[in-house]
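Accompanying notes for the structure given below.
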Amino acid sequence: MKPTTEPHASNFIREIVADHVEAGTYGGRVATRFPPEPNGYPHLGHGMTICLNFGLAQEFGGQTYLRFDDTNPETESEEYARALEEAVRWLGFEPVEVRYASDYFEQFYAWAVDLVKKGLAYVDSQSEEAIRANRGTVTEPGTPSPYRDRPVEENLRLLDEMRRGLHPDGSHVLRARIDTEHGPMAHPNMKLRDPLMYRIRRDAHHYRRGDTWAIYPLYDWAHGQGDAIEGITHSICTLEFDVNRPLYNWYLDAIGIPEPRNHQYEFARFNLDYTVMSKRKLLRLVEEGHVAGWDDPRMPTLAAQRRRGVRPEALRSFFQSLGVTKVNGSIELQQLEYAIRDDLNHIAPRVMAVSRPLKLIVDNLPEETAWIDAPYWPHDVTPPTHAPTSRRVPLTRELWIERDDFSEDPPKGWRRLAPNTEVRLRHSYVIRCTGVEKNDAGEITAVRTEADLSTFDPATGEGQNPEGRKVRGVIHWVSAEHALRAEFRLYDRLFTDPNPGAHEDFLSVINADSLVATEGFVEPSVEDDPADTRYQFERLGYFWQDPEDSTPDALVFNRIVALKDTWGRVLKAETGHHKLTGYDAQLIVHRNPVLRDPASGLSDAERATYDALVDRGVGEEEAAVLAAEDALRDLFEQVVSAHDTPREASVLLVHDLRPALGDRALADSKATPEALATVLRLVEADTLTRNAAGEVASVLVNDGGDAQTIIAERGLAAVRDDAALAPDIDAVLTEHPDEAARYRAGEQRLIGFFMGQVMRRVGKGADAKAVQTLLRERLDA
RNA sequence: UGCCCGAUGGUGUAAUGGCAGCACACCACUCUUUGGAAGUGGUUGUGGAGGUUCGAAUCCUCCUCGGGCAACCA
């Protein structure tokens with residue numbers, strides 16, 4: 001495996017893959033796929049999926065296919081497919097091969113014929129409406145189609161005719177014929193009510209297959225099979241497909257794909273605040289002209305982020321920071337912005353630009369231009385190798401400064417220029433404001449200043465503070481004579497509400513100021529740089545030239561991301577303007593504790609059983625479980641008849657045996673009543689600790705056998721005498737002197753830490769009470 | 001309302017019965033020729049109620065809340 005720079009943060013899917021690799025489930029092989037439908041431009045969500053799939057395979061020495069899920073000719077196109085492919089490469093990944101679901105159509109069809117022959121699929125000739133109506137609802141079962149038992153020969157003939165385009169759209173479909181214990185068309189999972197496999201699209205033109213096919217497979221009848229054909233091991237998709245998983249497996253069973261085969265795992269897609277991510281909504285933004293196109297830098301598409309100037313490194317680190325879970329949530333914009341800044345900070349040379357110019361005149365400077373050798377990098381950034389470390393910046397009497405950097409009536413905390421105050425010109429003199437010039441309208445047209453010539457030496461680039469005073473403010477500037485004219489495009493969030501999708505019309509919360517274009521100036525040095533140089537314009541943010549619109553004669557700079565703005569925060573707080581990011585206080589619902597009857601959910605008959613159990617000494621919670629679960633209660637009675645301690649038996653069965661079962665039925669348990677009774681006897685006799693009893697129960701469930709043997713084999717017999725425990729306790733105390741000191745200093749809760757350490761050393765046989773007594777004795781001594 | 005999935009500070013995510021940690025955000029301070037970066041410190045959390053256990057974010061029960069599923073979309 002080739003080492004990567006970014007560490008692999010773990011997540012639940014990675015754990016599964018790692019377990020499979022270690023267990024050799026697929027012979028150590030890992031194969032993933034990125035399976036987009038080419039019906040839209042890829043966005044950040046796709047980026048996450050790309051990084052997950054490719055990253056996982058990369059880490060475990062596996063491979064990843066790019067597979068276009070092009071089963072719907074009506075919405076898909078070559079343009080989208082190319083954009084998707086480009087996005088993968090831009091993010092830094094190379095598919096082992098590019099595949100198309102449409103290349104598998106012949107194989108899918110052969111499998112479909114096979115299913116028909118097996119009686120597992122049929123041609124349904126109901127209308128679309130009838131099919132929908134007969135599917136039932138989430139709460140009511142559906143009705144089997146009158147064509148469900150159509151003879152195999154007829155199905156075969158019709159399917160062939162459908163394929164050859166002999167039937168109009170909508171006249172027939174091919175459906176899977178799924179029988180379960182719930183009866184036909186009655187499974188609580190709607191996906192399992194005879195799902196459609198093929199629909200007729202006679203006149204649709206597929207962008208790759210042309211007109212060769214008159215029928216097209218649906219998602220479920222394509223995806224798992226595509227995975228199987230490619231030998232995918234881990235098929236990762238988003239959460240909403242979890243209900244499709246049983247069908248995914250049903251189809252694989254039906255066509256006879258043996259284990260070890262592809263399996264589906266789901267994770268939560270992420271939402272980003274102040275953004276929409278659905279293809280439909282993005283399409284509307286583009287088509288209705290709310291943005292300039294799919295790659296408008298305000299869009300969450302990868303093309304847009306790229307054009308904006310975001311680097312793939314930043315996105316990869318952002319996705320990494322997000323993690324992979326099954327929790328539906330929303331990411332704050334700052335998390336993305338942090339990743340972008342963090343990436344740019346160490347690769348972007350610092351230069352000066354003025355986005356909203358104001359003329360400033362330094363009256364006591366000489367006429368001739370002074371050229372200052374100004375460092376590209378701040379003291380705390382190590383420049384990339386081979387990067388130039390400085391450039392020449394012209395200093396003249398007339399400069400442009402930022403309009404926001406001067407105030408006639410500065411607010412509290414102002415560290416910029418104001419009448420009679422001093423400020424440092426970045427890389428140059430300390431200047432003092434001596435006056436302002438205004439036009440007839442009273443607007444400031446120029447600021448007049450004088451430089452303290454002792455504070456800077458243009459020849460050496462050395463500067464020092466004036467005698468006895470510390471100048472805190474620093475402002476950036478460009479020479480009015482030498483600066484290059486430029487347009488600056490300042491981007492902000494596209495919406496004013498963190499969750500635009502929650503509004504009936506998401507366009508109602510569109511941010512009118514999401515793009516502000518200004519005319520300003522940039523220092524002349526940029527003229528000599530490669531056009532794709534990413535800069536930090538000091539005190540403004542990270543910028544680069546727009547790759548579409550910028551030309552040497554008409555420079556256009558995109559603001560990739562603003563700098564973190566502590567001053568802006570202070571100002572807004574003081575002026576009472578609430579930050580856009582502020583959330584409404586969450587509604588706190590205080591619920592009164594209610595006294596609950598554990599038996600409240602039981603039927604009358606179960607209630608009687610429950611009462612009887614409680615009378616025999618069984619705890620209420622346990623009694624409720626036993627009353628509701630007949631099989632478990634039968635076992636309970638058998639255990640009790642072997643050893644008559646109902647309370648203890650109920651605890652063992654409900655809290656130890658049942659969880660050990662997991663998803664399996666009780667019938668799969670290998671634990672005999674007699675063995676369980678023995679466990680109870682041993683606990684009663686203090687030969688077995690309660691902790692170890694759970695362990696024994698778990699082994700009994702999985703492997704059967706008798707309690708005594710298991711205890712002997714695993715060394716689970718109770719250990720409680722001081723002599724046996726002392727060595728381990730002493731060892732733990734010696735290994736953790738710091739914790740011991742903290743405990744003695746009053747951090748009593750650390751007893752839990754020590755307990756854990758000792759228990760881990762001795763094993764489940766250790767008697768917790770004895771350990772604790774001994775531990776306290778030692779620690780208090 | 002049937003089935004499925006989920007719930008840890010404001011946000012994202014760790015802790016796999018044993019010290020509730022990390023990052024973003026926020027606040028304060030240090031440093032600073034970027035109100036950047038960096039550094040130090042701090043505020044804030046296991047949805048609720050019971051149960052099991054020496055010990056529960058973790059296991060069990062019920063409740064609450066959120067999401068998904070009834071396209072000839074994927």
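A, B, ... follow the sequence lines: proteins, then strands. Residue 1 opens every chain.
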Donor-acceptor pair, distance only, cut-off 3.5 Å: does the side chain of Arg193(A) make one with the backbone of His187(A)? yes

With a 4.0 Å limit, can you tell me whether Arg245(A) has a side-chain N or O closer than that to the phosphate oxygens OP1/OP2 of C5(B)? no

Check: Arg742(A) side chain, C19(B) base, donor-acceptor under 3.5 Å: yes

Contact under 4.0 Å: Arg416(A) side-chain N or O vs G35(B) OP1/OP2: no

Less than 4.0 Å between a side-chain N and a carboxylate O, is that true for Arg539(A) and Asp404(A)? no

Atom-to-atom span, CG of Leu333(A) to P of C24(B) - whole angstrom: 16 Å

Any side-chain donor near an acceptor of the partner, Tyr219(A) and Asn244(A), under 3.5 Å: no

With rounding to the closest Å, how many angstrom separate the C1' atoms on A15(B) and G41(B)? 24 Å

Suppose you measure atom P in A7(B) against the same atom in A14(B); what distance do you get, rounded to whole Å? 10 Å

For RNA chain B, just give me the dot-bracket, please: Watson-Crick or G-U, both distances below 3.5 Å, ( ) intra-strand, [ ] crossing earlier pairs, | paired with another strand, . unpaired. .((((((..((((....[..)))).(((((.......)))))....(((((..]....))))))))))).....

Could you give the CZ-to-P distance, from Arg341(A) to A25(B), as a whole number of Å? 7 Å

Once you round it to whole Å, what is the distance between P of C60(B) and CG of Leu652(A)? 15 Å

Compare side-chain N and O positions of Lys470(A) against OP1 and OP2 of U32(B) and report whether any pair is under 4.0 Å apart. yes

Think Arg199(A) has a side-chain N or O under 4.0 angstrom from the OP1 or OP2 of A74(B)? yes

Rounded to whole Å, the CZ-P distance (Arg761(A) to G17(B)) equals 20 Å

Which is more 5' along RNA chain B, the nucleotide nearest Glu462(A) or the one nearest Pro659(A)? Just name the residue. Glu462(A)

Considering only heavy atoms and no angle criterion, is a donor-acceptor pair shorter than 3.5 Å present between the side chain of Asn691(A) and the base of G17(B)? no

Glu622(A) (side chain) and U52(B) (base): donor-acceptor pair under 3.5 Å: no

Among C72(B), C54(B), C69(B), the nucleotide that comes nearest once only the side chain of Gln772(A) is considered: C54(B)

OP1 or OP2 of G2(B) versus the side-chain N and O atoms of Thr137(A): is any pair under 4.0 Å? no

By nearest atom, which of the nucleotides C54(B), C72(B), C69(B) is closest to the Val243(A) side chain? C69(B)

Grab the CZ-P distance between Phe753(A) and A20(B) for me, whole Å please. 11 Å

Which is more 5' along RNA chain B, the nucleotide nearest Glu74(A) or the one nearest Leu239(A)? Just name the residue. Leu239(A)

Side-chain-base donor-acceptor pair under 3.5 Å for Arg690(A) and U53(B): no

Quick test of your reading of the model: are Glu629(A) and Arg658(A) salt-bridged, counting only N-O distances below 4.0 Å? yes

Arg132(A) vs C72(B): side-chain N/O to OP1/OP2 distance below 4.0 Å: yes

Starting from P on A25(B), measure out to CD on Glu337(A) and report it in whole angstrom. 9 Å

Length of the CD-C1' vector between Gln757(A) and G17(B), whole Å: 14 Å

Heavy-atom count check: over 12 atoms from other residues, nucleotides or ligands less than 6.0 Å from Arg269(A) CZ? no

State whether the distance check finds a donor on one side and an acceptor on the other, under 3.5 Å, for side chain Gln334(A) versus base C24(B). no

U33(B) base / Arg424(A) side chain donor-acceptor hit below 3.5 Å: yes

Stacking between Tyr219(A) and the base of A74(B) (centre distance under 5.5 Å, interplanar angle under 30°)? no

Round to a whole Å and report the spacing from CZ of Arg569(A) to C1' of A25(B). 9 Å

Are Ser428(A) and U33(B) close enough that a side-chain N or O sits under 4.0 Å from OP1 or OP2? no

Answer yes if the side chains of Arg33(A) and His223(A) hold a donor-acceptor pair under 3.5 Å, and no otherwise. yes

Verify, without hydrogens or angle tests, whether Arg424(A) (side chain) and Arg472(A) (backbone) share a donor-acceptor contact under 3.5 angstrom. no

Using only side-chain N and O atoms of Arg280(A), determine if any of them is under 4.0 Å from OP1 or OP2 of A71(B). no

